[in-house]
Amino acid sequence: MVKHIFITGGVVSSLGKGLTSAAIGMLLENRGFRISMQKLDPYINVDPGTMSPYQHGEVYVTDDGAETDLDLGHYERFTHAKVNCHSNYTTGKIYSEVIRKERKGDYLGRTVQVIPHITDEIKAAIQAAVDPSIDVAICEIGGTVGDIESLPFLEAARQLALSREPEDVLFVHLTLLPYLKASGEMKTKPTQQSVGKLREIGVQPHILICRTEKPISEEMREKISLFCNVPRRCVIEEKDVDFSIYELPVNLVKQGLDALIVEKLRLPASQPSDDSAWRRMLEKLKAPKHRVEIAVVGKYISLHDAYKSIYESLTHSGIPNDTKIELRKVAAEDVEQLGAAQLLAGVHGILVPGGFGERGVLGKVEAIRYARERKIPFLGLCLGMQCAVIEFARNVAGLAHAHSAEFDSKTSDPVIHLMPAQENVSDKGGTMRLGSYSCALRPGSRARAIYGTPQIEERHRHRFEFNNAYRERFESLGLLASGIHEPMNLVEIVEIPNHPFFVGVQYHPEYKSRPLEPHPLFREFVHAALTHAKALGNAPGKRPGESTGDASSSDTGHEGAEVGATSTTEIGAR
């Protein structure tokens with residue numbers, strides 16, 4: 001029978017439950033167990049698809065087209081678990097289903113209540129994510145213990161545990177030990193109160209993982225154990241990592257967490273943990289021979305999580321290139337006002353990510369023109385690809401008013417448009433292309449060489465498409481449509497063959513990059529940027545108002561360490 005691990009959080013939000021959950025999944029996989037990963041989110045939105053990136057960070061898309069929480073990206077980067085539409089449930093999704101059943105009459109006239117109807121639906125959602133082949137189902141419960149929004153999920157987990165044998169369900173509680181600089185000591189009281197809140201609703205955590213800036217003394221471990229009713233050896237230190245989030249699983253192994261979980265769940269004899277490939281990856285990440293500076297020109301630059309998977313993909317791609325990635329974060333709106341030359345001078349590569357809405361689009365177009373004309377390696381993702389088409393149409397094809405119909409419905413040259421079948425659909429949410437679609441790669445193209453295969457599958461999240469009426473004309477001028485979704489004859493990839501690296505893709509390759517398996521598009525983009533850097537003497541360019549040298553991140557904890565190999569500087573971001 002499948003074992004369950006529920007991971008909860010206390011004291012404050014953003015403690016890193018997603019990273020910790022992913023790391024636990026990796027530890028169990030390294031011991032030979034098959035796992036599933038799931039996130040339960042307490043917000044009332046049905047999914048994060050309509051939420052602002054400033055509110056939620058990036059929307060992570062699964063192969064089957066579900067728009068989900070960004071923590072699912074951590075799950076796939078750390079483990080081999082396959083996430084899908086059942087891997088992320090929200091309060092809105094749960095309540096919508098209960099209300100649908102009530103309207104249909106499924107409850108036979110009963111009064112519909114949180115207990116048992118909402119909690120039963122949550123338990124059904126938990127089971128829906130579990131495949132019979134799975135050994136351990138890991139479920140992260142979002143929010144913070146004590147929040148009213150999380151209570152139904154915690155209650156459902158309590159009920160599920162009550163219905164199973166004690167060794168079948170494990171509760172892991174992530175909490176914070178704050179360090180008071182003035183007194184020079186850490187405090188355990190918030191952790192005690194968080195565990196107390198959990199116990200009030202009938203959940204006794206079996207393992208405490210304590211986020212901390214400083215090492216935990218044995219005396220403090222003993223105190224936590226006593227007041228939280230958790231054995232001392234089950235109090236696990238999760239000290240802020242020194243360099244990268246990818247150190248976290250290694251550090252938890254040192255704490256013996258994997259052995260403890262195997263013991264608590266009475267899992268069958270497993271193979272010895274093998275993280276040798278992961279450790280080799282970390283060594284390469286820590287000591288690169290080269291460095292390149294990549295400009296990311298986007299709308300949501302002020303929030304790191306808005307482009308989470310992109311930044312991680314760049315970091316992954318630095319590893320096989322033996323290269324440290326330095327990010328220059330550039331607000332697209334400021335390119336419109338200050339110009340690309342001022343904000344992008346000296347960078348070795350330019351990446352333009354996706355987004356929705358007109359704000360900053362002209363800045364993206366200007367940044368792409370700068371990359372094309374100065375032969376700087378360029379990678380455009382989703383809207384970034386569409387902006388590359390607009391730029392080419394205006395500045396090479398001579399179509400001065402070319403635009404996307406998304407931003408100018410009356411443009412004389414809608415080089416990006418809705419497909420005819422979509423134009424009369426009133427609910428634009430129904431026209432979104434979501435999830436995995438096939439793409440045939442053109443023989444002899446750069447895309448075909450990068451992927452090394454004639455056919456690929458990539459994940460999408462967009463509505464507007466390349467207008468095929470312009471395909472022949474643009475190809476005659478040097479913009480090659482090198483990837484096509486053949487069933488619908490949709491352009492997926494454009495490239496300029498006589499450029500060092502100029503590739504735009506309609507999909508989101510960042511969702512499929514892994515630390516041990518960097519995505520080939522990102523890998524080759526970084527390689528091209530490195531080649532460009534060497535041609536310039538391998539020194540990041542001087543930034544406006546700065547002397548040449550490494551920028552540094554002031555972030556701390558998991559987020560700060562996450563860019564340990566990636567110095568971040570925001571240029572012009574508001």
Side-chain angles (χ1 to χ4, degrees), residues 19 22-23 25-27 29-30 58 73-80 241-253 274-296 304 307-329 347-351 353 377 379 381 449-452 458 501 503 505 508-534 538-540 550-553 555 558-568:
L19 285 168
M26 178 182 163
L27 300 190
E29 282 191 339
N30 286 346
E58 75 171 1
H74 292 312
Y75 301 164
E76 288 204 315
R77 285 188 284 271
F78 279 74
T79 77
H80 295 94
V241 292
D242 297 322
F243 180 76
S244 166
I245 57 169
Y246 299 120
E247 294 178 285
L248 180 58
V250 175
N251 292 349
L252 292 178
V253 168
D274 181 10
D275 58 1
S276 54
W278 195 265
R279 288 175 181 269
R280 286 194 299 271
M281 176 272 293
L282 281 173
E283 290 305 311
K284 292 199 70 175
L285 188 61
K286 290 178 180 179
K289 294 179 181 177
H290 314 290
R291 61 177 182 156
V292 298
E293 186 175 19
I294 304 293
V296 177
H304 188 82
Y307 300 121
K308 188 77 164 178
S309 292
I310 291 173
Y311 297 147
E312 291 304 312
S313 298
L314 288 170
T315 298
H316 303 162
S317 297
I319 298 167
N321 285 292
D322 211 358
T323 298
K324 175 182 178 180
I325 309 298
E326 296 180 348
L327 295 177
R328 188 186 294 191
K329 299 180 179 180
V347 298
H348 306 128
I350 295 173
L351 187 151
L379 178 60
L381 311 177
I450 288 172
Y451 279 97
E458 293 282 4
F501 190 99
V503 178
V505 298
H508 290 271
E510 66 270 24
Y511 295 145
K512 300 183 80 171
S513 185
R514 310 288 180 260
L516 299 179
E517 299 176 12
H519 192 283
L521 267 177
F522 281 90
R523 184 193 66 222
E524 294 308 308
F525 170 60
V526 169
H527 179 74
L530 177 59
T531 300
H532 186 65
K534 289 179 178 177
N538 199 28
D550 290 350
S552 61
S553 170
D555 293 337
H558 286 325
E559 290 303 322
E562 184 174 6
V563 290
T566 312
S567 299
T568 61

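What you see below is based on every heavy atom in this structure, not just the backbone, and it leaves out hydrogens, waters and symmetry mates. We're numbering straight along the sequence, starting at 1. All values reported here derive from a predicted model rather than from experimental measurement.
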Interatomic spacing from NE2 in His80 to CZ in Arg514 - rounded to 0.5 Å: 9.0 Å
Pairwise distance CG(Leu381) to NE2(His508) - rounded to 0.5 angstrom: 7.5 Å
Under a 4.5 Å cut-off applied to non-hydrogen side-chain atoms, are Ile294 and Phe525 in contact? yes
Just by distance, do the side chain of Arg77 and the backbone of Pro515 share a donor-acceptor pair under 3.5 Å? no
Flag the pair Asp275 / Pro249 as yes when at least one side-chain heavy-atom distance between them is below 4.5 Å, and no otherwise. no
Nearest heavy-atom approach of Asn251 to Val241 is ND2-CG1, 3.7 Å
Do Glu312 and Tyr246 have a side chain donor and acceptor closer than 3.5 Å? yes
Any carboxylate oxygen within less than 4.0 angstrom of a Lys/Arg side-chain nitrogen, looking at Glu293 and Arg328? yes
Taking Thr323 for the side chain and Gly318 for the main chain, is one N or O donor matched with an acceptor at less than 3.5 Å? no
Indicate the atoms forming the closest heavy-atom contact of Phe501 with Leu521, along with that distance. CZ-O, 4.1 Å
For Leu516, is there any backbone N or O sitting under 3.5 Å from a side-chain donor or acceptor partner on Trp278? no
State the CZ-CD distance between Arg291 and Glu326, to the nearest 0.5 angstrom. 5.0 Å
Over 60° means perpendicular and under 30° means parallel, so classify the ring planes of His348 and His532, tilted if in between. perpendicular
Please report the C-alpha distance between Lys286 and Phe243 in whole Å, then the side-chain angles of each, then the deciding distance to 0.1 Å, and finally whether the side chain to side chain contact (heavy atoms under 4.5 Å, CB included) criterion is met. CA-CA 8 Å; Lys286 290 178 180 179; Phe243 180 76; 3.6 Å; yes
Measure the spacing between CD of Glu247 and CG of Leu282 and express it to the nearest 0.5 Å. 6.0 Å
Heavy-atom pair of closest approach, residues Asp322 and Ala287: OD1-O, 3.9 Å
Beyond-backbone contact of Tyr307 with Leu314, side-chain heavy atoms, under 4.5 angstrom: no
To the nearest 0.5 Å, what is the distance between CD1 (Ile319) and CD (Glu517)? 12.0 Å
Starting at OG of Ser317, measure out to NE2 of His527 and round the result to the nearest 0.5 Å. 12.5 Å
Does any non-hydrogen side-chain atom of Arg279 lie less than 4.5 Å from one of Val250? yes
Minimum heavy-atom distance Leu252-Ala23, with the two atoms named: CD1-CB, 3.9 Å
Heavy atoms of Ala533 and Val292 approach each other most closely as CB-CG1, 3.9 Å
Between Leu19 and Phe78, which heavy-atom pair has the shortest distance, and what is it? CD2-CE1, 4.0 Å
Hey, would you say the Tyr451 and His519 ring centroids sit under 6.0 Å apart? yes
Just wondering, do Tyr311 and Glu58 contact through their side chains at under 4.5 Å, heavy atoms? no
